[in-house]
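First the proteins, then the strands, lettered A, B, ... as listed; each starts at 1.
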There are 2 protein chains.
Amino acid sequence: MKHDMGFDEAPDRHDGRANPVFLGVERAIHEHRLPPGTRLAEAELCEIYGVSRTIVRAGLQALTHSQLVTLVPNRGASVAKPTPADAQEVFEARELIEPRTAREAARHATPADIELLRRHSAEEHKALDARDYGRSLRLSGLFHTEIARISGQKTLLGFVDQLVSRSALIIALYWHRERARCDSQCHERLIDAIAAGKPDEAETLMRSHLVDIHTALDFRDAGDSQRDLRDMLLP
Amino acid sequence: MKHDMGFDEAPDRHDGRANPVFLGVERAIHEHRLPPGTRLAEAELCEIYGVSRTIVRAGLQALTHSQLVTLVPNRGASVAKPTPADAQEVFEARELIEPRTAREAARHATPADIELLRRHSAEEHKALDARDYGRSLRLSGLFHTEIARISGQKTLLGFVDQLVSRSALIIALYWHRERARCDSQCHERLIDAIAAGKPDEAETLMRSHLVDIHTALDFRDAGDSQRDLRDMLLP
DNA sequence: AAGATCAGAATTGTATACGAAATCTGCAAT
DNA sequence: ATTGCAGATTTCGTATACAATTCTGATCTT
């Protein structure tokens, strides 16, 4: 008999997220290479990633769980296309949850964490200067999940992860770049507050940062959303 | 017949949740027929639900994503066993999110919603009187997700769903019944506040209700038991 | 007798094939 | 031009095969 002391410690996300299809598509969405609504045929993904349908289907299922992909029976998968109402909800949820993760991050951050955040922010600037908007967007999202990680709340981290992912789709649909760009400074002020161990300030900064993004969304043209007739007629 | 006021009706979860394995195991966990740590062998589930390994694996993946099941490579699946730290986190998250859903529910509830909640609460009492703790537990959880549904925030509903599910495991591990039972009155006072359209009161009641449950948890010991899977899954 | 070792059994991970059902596409007919 | 239909395509569920890993129990060593 083995020494089974009953404690399984940190069992390394073995859900379905270590899947080439999941990782590849997720990343492509984060970097705005895959616009909302793109069809994702199984055979195509098999070729692209050199795996069997077994793996492709598992990946698509995982993506569906994170709400990055919409799976319709017998009609296959496509990149999710959040409605304005979805977008509203996602940012309301972020405004509820992330101020808390920022607060907790300010309480728990180690010097190594701070350094990671700063390096991160620098990368973000570099990508922005290089006009590499895909990369800068992904890094900007990663910044938020990184704060959630530092907060030490794995449960909230999972939620933030999903919300940030969906935000990439929302931004692709409803963001117009010509609007204000406070991001860079916002992120740095947040790092300062976290580094200084000021939970209240971090919380407030995060909240207003999210509100800024939220209010900069523009729902007037719902993108060239060619919603198929089925969706419009059946309900 | 649909009595839905033209809002998007829940677009039929076409993720992986309409899966006999997912539904059966989820329900068994909610009703405390499947204790934390129970091994879930693929072949066994194939027999029990009369489906192929494809479906079983899809169901297990979905369950893993909702953190009800732990999947270890090459070693299979078992019902998740939240640590005391996990339990702490889950309830902290609930205390953050559910006061908000209660507040929004108080703002959006229709008479039909109120009636549903009251009928629900009555069922819960009936199950409790009949000493059917499995059923009463499931209904108690459903009450919380129902409030989240009424709030109209599908995103938060998803989170609450997951948190309530995990709470079933946490209660199975760390709850001792001899402790206080405020639930019944708590739920009814909540319904009253929602019916009266008092967001602040609903929010406060929900928060204190959750804190009550949270503080009634006891992390000193975590029992372990092994029974026959078939008995637990086929009621 | 206690513990280590190792071969066989059991289980999981992945690939592939097949039939059924649904969907999509293009052509023909009205 | 629209409708109707047949064939091609795609997805879905299942079954099967096989490699890789883990588990189990019997044997061997000390």
Could you list, one pair per line, each protein nitrogen or oxygen that sits under 3.5 Å from a nitrogen or oxygen of nucleotides 15-22 of chain C, together with the distance?
from	atom 1	to	atom 2	distance (Å)
C:dA15	OP2	A:S52	N	3.3
C:dA15	OP2	A:S52	OG	2.5
C:dA15	O5'	A:S52	OG	3.4
C:dA15	N7	A:T54	OG1	3.2

Open item on the list: Checking A:H214 now: which residues fulfil ring-ring contact (aromatic ring centres under 6.0 Å, His included) with it, not counting sequence neighbours?
Closed with: A:F91

Open item on the list: Tell me if the CZ atom of B:R75 is crowded by more than 12 foreign heavy atoms within 6.0 Å.
Closed with: no

Can you list everything that forms a salt bridge (charged side-chain N to carboxylate O under 4.0 Å, His left out) with [X]? Sequence neighbours excluded, please.
X: B:E146; value: B:R149
X: A:R100; value: none
X: A:R94; value: A:E98
X: A:D86; value: none

Tell me the interatomic distance from [X], atom [atom1], to [N], atom [atom2], rounded to whole angstroms.
X: B:E42; N: D:dT14; atom1: CD; atom2: C1'; result: 15 Å
X: A:L71; N: D:dT10; atom1: CG; atom2: P; result: 16 Å
X: B:Y49; N: D:dT14; atom1: OH; atom2: P; result: 15 Å
X: A:L40; N: D:dT10; atom1: CG; atom2: C1'; result: 14 Å
X: A:Q61; N: D:dT11; atom1: CD; atom2: P; result: 15 Å

Task: Any A:R39 side-chain nitrogen or oxygen under 4.0 Å from OP1 or OP2 of D:dT11 - done: yes

